[in-house]
2 protein chains.
Amino acid sequence: MTSPSWESLPDRLRARGLRWTPQRRVLVDVLSSTRGHVTGSELVERCRAVDPATIPSTVYRTLDVLEDLGVVRHGHGPDGREEFHVLPEAEHGHLHCESCGTSWDLSLDDARTLVRSLRARRGFVVDLSHVTIVGRCAGCVDPTPP
Amino acid sequence: MTSPSWESLPDRLRARGLRWTPQRRVLVDVLSSTRGHVTGSELVERCRAVDPATIPSTVYRTLDVLEDLGVVRHGHGPDGREEFHVLPEAEHGHLHCESCGTSWDLSLDDARTLVRSLRARRGFVVDLSHVTIVGRCAGCVDPTPP
DNA sequence: CATGCTGTTGCAACTGGTCGCAATAAGGGG
DNA sequence: CCCCTTATTGCGACCAGTTGCAACAGCATG
């Protein structure tokens, strides 16, 4: 259940001249029991539940470090707020209906044609996990009455 | 140069029971001389240049109203900050390189396959102007030395 | 032109997140 | 096991944007 990379994290940090601190341990504990996506402030809250002395800026800075290490990835929800994915996880983006507010995962498969055509036409490599596509879902576009 | 809808705005507001106020006139003046995209805070600044008494919340609330009227549209930049497009304008999204920070327009044509496949497979209608695709541009993926 | 309904403003407090800086502490070397 | 370098923390200020509320002011009506 736990990704094998959690145990090696302290060493991976040290190998880069970075440090393993109690504050980082708290955040990593929280992340290791997280599935799917969380917002930054949710992570701050969960860390505070473990250690009430948790400071937000420390959490955000640690998240930056963990992103460098490839442990998490961040994107932005439809309202522009930060969303974090814990890796490894199938890379995917999000589909958000601006009418009813529901969200769905957007698999690499769904986005394949976009990813391919941008690579072919512009040499641009899409970071799908950073993407939220906004629009209106089937139910909201065509509200067939019951 | 000026979109014909600007003059009719006061009446369009009144027709909905809304009001035409000095504060709204300032923002609309600013918008009418804006091309491309602007962030919310840029608009606040430009309004303040016209009327130093401008209050941010008034600007943001007016932008909401104008979005309802279809005069502007908002999306989020790669950092999650708000970006406004003044309409009418070809609907387009944005492509942002997370490595060098450059942005490009993403035309409806570029995104055609994505838009089509989401509509076909899920009935989801994409609001392209809300979308910023993040990744790495050709130059950053393959830094061919000179 | 005076009246009143209600949309709008200004303000202040608050949320999510970032930044600079002085003090602290991790952890490699002697 | 202590020392020293320097990464990291805590803190306070700040930026972008939102929200609740009392006071204000469009504008339709009479």
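Quick note on labels: first sequence line is chain A, next is B, and so on, each numbered from 1.
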Inset, instruction - Would you give the length of the straight line joining atom CZ of B:Arg116 to atom CG of B:Leu118, rounded to the nearest 0.5 angstrom? - result: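 Answer for the CZ-CG pair, B:Arg116 versus B:Leu118, is 12.5 Å.
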Inset, instruction - Could you check B:His85 against B:His94 for side chain to side chain contact (heavy atoms under 4.5 Å, CB included), going step by step and ending with a plain yes or no? - result: CA-CA 11 Å; B:His85 299 215; B:His94 295 277; 3.4 Å; yes
In whole angstrom, give the distance that lies between atom [atom1] of [X] and atom [atom2] of [N].
X       : N      : atom1 : atom2 : value
A:Arg25 : C:dA26 : CZ    : P     : 14 Å
A:Glu83 : C:dG17 : CD    : C1'   : 15 Å
A:Arg16 : C:dG28 : CZ    : P     : 16 Å
A:Asp51 : D:dT9  : CG    : C1'   : 12 Å
B:Arg48 : D:dA16 : CZ    : P     : 10 Å
B:Leu27 : D:dG17 : CG    : C1'   : 15 Å
A:Glu67 : C:dT18 : CD    : P     : 11 Å
A:His76 : C:dG17 : NE2   : P     : 9 Å

Inset, instruction - If the plane angle is over 60° it's perpendicular, under 30° parallel, otherwise tilted; pick one for A:Phe124 and B:Trp104. - result: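 Aromatic pair A:Phe124/B:Trp104 classed perpendicular.
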Which donor-acceptor pairs under 3.5 Å do the side chains of residues 10-17 of chain B make with protein atoms, sequence neighbours left out?
{"from": "B:Asp11", "atom 1": "OD1", "to": "B:Arg14", "atom 2": "NH2", "distance (Å)": "3.4"}

Inset, instruction - Tell me which of A:Arg24 and B:Phe84 sits closer to the 5' end of DNA chain D, going by the nucleotide each one is nearest to. - result: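 Counting from the 5' end, the first nearest nucleotide belongs to A:Arg24.
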Legend entry - 5'-most by nearest nucleotide on DNA chain D - B:Trp20 or B:Glu42: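 Whichever sits nearer the 5' end wins; that is B:Glu42.
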Inset, instruction - Establish, with yes or no, whether the OP1 or OP2 oxygen of D:dG17 is under 4.0 angstrom from a side-chain nitrogen or oxygen of B:Tyr60. - result: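 So the side-chain polar atoms of B:Tyr60 do come within 4.0 Å of the phosphate oxygens OP1 or OP2 of D:dG17, strictly under.
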Inset, instruction - Examine C:dG10: is either OP1 or OP2 under 4.0 Å from a nitrogen or oxygen in the side chain of B:Gln23? Give yes or no. - result: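 Yes, B:Gln23 has a side-chain N/O under 4.0 Å of OP1/OP2 on C:dG10.
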Expected rows: protein N/O vs nucleotides 11-15 of chain D N/O, under 3.5 Å:
{"from": "D:dC11", "atom 1": "N4", "to": "A:Ser57", "atom 2": "OG", "distance (Å)": "3.2"}

Legend entry - Side-chain donor-acceptor pair present, B:Glu82, B:His76, cut-off under 3.5 Å: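 No, because no side-chain N or O of B:Glu82 sits under 3.5 Å from a partner of the opposite role on B:His76.
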Inset, instruction - State, without any angle test, whether A:His96 and A:Ser103 hold a side-chain donor-acceptor pair at a distance under 3.5 Å. - result: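 Looking only at side-chain atoms, A:Ser103 and A:His96 do form a donor-acceptor pair, the distance falling under 3.5 Å.
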Inset, instruction - Tell me what A:Gly17 touches on the nucleic acid: a base, only sugar-phosphate, or nothing, going by heavy atoms under 4.0 Å. - result: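 The answer is sugar-phosphate, as A:Gly17 gets under 4.0 Å only of primed atoms, P, OP1 or OP2.
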Inset, instruction - Could you please name the option among D:dT9, D:dA16, D:dT6 that lies closest to any side-chain atom of A:Arg19? - result: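 Among D:dT9, D:dA16, D:dT6, the one nearest the side chain of A:Arg19 is D:dT6.
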Legend entry - Crowding at CZ, A:Arg122 (>12 non-hydrogen neighbours, <6.0 Å):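 Yes, CZ of A:Arg122 has more than 12 neighbouring heavy atoms, counting only those of other groups under 6.0 Å.
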